[in-house]
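Have a look at the structure below before the remarks.
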Amino acid sequence: MGRSKHADLNSLPDRLLAWYERHARDLPWRIGPANRAVGERPDPYRVWLCEIMMQQTTIPHGTPYFFKFTERWPTVEALAAAKDEEVMSAWAGLGYYARARNLLKCAREVAARGGFPETEAELRKLPGVGPYTAGAIAAIAFDQVAAAVDGNVDRVFARLLALKGDWAAEKKVIAERVRQLVPEERPGEFAEALMDLGATVCTPTKPNCLTCPLSELCAARAEGNPERYPIKPAKAAKPVRHGIAYVLQSKGEVLLVRRPDKGLLGGMLALPTGDWVEGDFPETPPPAKADWEEVGEVRHVFTHFALRFKVMRAELARRPKADGQWVTLNAVEGLPSVFAKAFKLATK
DNA sequence: AAGACGGGGCC
DNA sequence: GGCCCAGTCTT
């Protein structure tokens, strides 16, 4: 069995759950330990929604969106009945817009089948639900013995086990190790506890080992430098692309376009732009003939490149024929951040 | 296995 | 300017 090869983590679940009872984060979508103990369970819709929303998203940034969505669409059936543009607009500013497209697709599948599936394997088949989210929903909403391994859990275990190998390979080791540790009782709280520990104690910088319930089990702590972990590969430098954004106004309205579903900012409302290219600003034809003035430059950083928009503005007495939709200036909403920045620069 | 895919806060 | 965050999907 090679037991000696592994740290002895048998006591981890009990230590962690005892800690969680006293230090659980109070989150809007969560049923706390006291209420869980008397049998209360969270609404699967809210669990699913928060898990999708918080993917690669900080809690402070995502929380207002959670409130907005649950107030506007209190049930999965209500969300399933929403229009695509409404949901995309409500998601604007949260990023990773494929999540919003999959959210709606998933809501419609779930509403059609009469509710959420309850097992990890079935949940995994839903659009936008990957290994982490399937485990989280199964454990938290349905008390299934499933693991939810997110970035917090990866970091906690990288330190617990002092993992020094290739990070992609070590993450697989972690997933398997966590799966072995999920307790039959309270699997949902185990998942929440592990994430809370990573978020509040075993933090990326300056982990607070003095208050950690797992410090006695931690190999990185024993080595004396937990901050060294996890050891990840260096990231490639981001190239800079250049583009031109056009703010065309007429009669108190502005011309907006809908981006295609696939690709960057897919399905989102946008300003007309041409190609975004490396090197220098491209020769992009404007959406209409007008007296264009340059109002400034907007910089924005995406996941794999940085963007510089030259922002052009023009106003025409009569609306020209142009592709897109005209939207009242005061009613402009639902723009991704980069376009919101450019629009604001041109209209203030 | 490697890239694409947002955005904001923090150092 | 780089890192991180309740990751997933595509190629």
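Note that the structure is a prediction, hence the values are computed from the model and not measured.
dG8(B) and dC9(C): their C1' atoms are spaced 23 Å apart (whole Å). Separation of the P atoms belonging to dG3(B) and dC3(C) is 16 Å when rounded to the nearest angstrom. Nucleotides dA4(B) and dA6(C) place their P atoms 24 Å apart, quoted to the nearest Å.
The phosphate of dC9(C) (OP1 or OP2) has no side-chain N or O of Tyr96(A) nearer than 4.0 angstrom. Proximity of Arg155(A) to the phosphate of dC3(C): no side-chain N or O atom is located under 4.0 Å from OP1 or OP2. For the OP1/OP2 pair of dG8(B) and a distance below 4.0 Å, the side-chain nitrogens and oxygens of His61(A) include no atom meeting the criterion. A close approach under 4.0 Å does occur between a side-chain nitrogen or oxygen of Lys172(A) and OP1 or OP2 of dA1(B).
Residue Gly263(A) is in sugar-phosphate contact alone, with no base atom involved, counting any heavy-atom pair closer than 4.0 Å across all strands shown. Using a 4.0 Å heavy-atom criterion, one finds that Thr303(A) contacts the bases of the nucleic acid, with or without backbone contacts as well. As judged by a 4.0 angstrom heavy-atom cut-off over every strand, Gly266(A) is placed among residues making no nucleic acid contact. Among the protein residues, Thr133(A) comes within range of the sugar-phosphate backbone only, with heavy atoms under 4.0 Å from sugar or phosphate atoms but none that close to a base. Residue contacts for Trp29(A): at a heavy-atom cut-off of 4.0 Å it reaches a base atom on one of the strands shown. Using a 4.0 Å heavy-atom cutoff across all strands shown, Pro336(A) reaches sugar-phosphate atoms only and no base atom. Within 4.0 Å (heavy atoms only), Phe302(A) reaches sugar-phosphate atoms of the nucleic acid but no base atom. Arg25(A) comes within 4.0 angstrom of a base, heavy atoms only. Counting non-hydrogen atoms under 4.0 angstrom, Ile137(A) reaches nothing in the nucleic acid. Note on Val129(A): only backbone sugar-phosphate atoms sit closer than 4.0 angstrom, heavy atoms only; bases stay farther off.
With respect to the salt-bridge test (charged N to carboxylate O, under 4.0 angstrom), the residues Glu86(A) and Lys83(A) do not qualify. For Glu21(A) and Arg186(A), the salt-bridge test passes: some basic side-chain N is under 4.0 Å from an acidic carboxylate O.
Side chain to side chain, Arg99(A) and Thr57(A) meet the donor-acceptor criterion of an N or O pair below 3.5 Å. Using a 3.5 Å distance cut-off with no hydrogens or angles, the side chains of Tyr20(A) and Glu192(A) do pair a donor with an acceptor.
In the set dA6(C), dC4(C), dG6(B), the nucleotide with an atom closest to the side chain of Asn152(A) is dA6(C). With dG7(B), dG7(C), dC9(C) as the candidates, the nucleotide lying closest to the side chain of His300(A) is dG7(B). The side chain of Gln55(A) lies closest to dT8(C) when the candidates are dT8(C), dC5(C), dC5(B). Side-chain atoms of Arg124(A) lie closest to dC9(C) of the nucleotides dC3(C), dA6(C), dC9(C). Across dC4(C), dG7(B), dC5(B), the shortest atom-to-atom separation from the side chain of Leu264(A) is found for dC5(B). Nearest to the side chain of Leu265(A), among dG7(B), dC9(C), dC5(C), sits dG7(B).
Atom CG in Leu126(A) sits roughly 18 Å away from atom P in dG7(C) (whole-Å rounding). Here dA6(C) presents its P atom at 20 Å from CD of Glu120(A), a figure rounded to the nearest Å. For the pair Asp261(A) CG and dC5(B) C1', the interatomic distance rounds to 14 Å; values are reported in whole Å.
Counting heavy atoms of neighbouring residues, nucleotides and ligands inside a 6.0 Å radius, atom CG of Asn225(A) exceeds 12 of them.
The base of dG6(B) sits within donor-acceptor range of the side chain of Thr57(A), with an N or O pair under 3.5 Å.
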Determine, stepwise, if the pair Arg36(A) / Asp143(A) fulfils salt bridge (charged side-chain N to carboxylate O under 4.0 Å, His left out). CA-CA 11 Å; Arg36(A) 260 193 185 271; Asp143(A) 287 318; 3.8 Å; yes

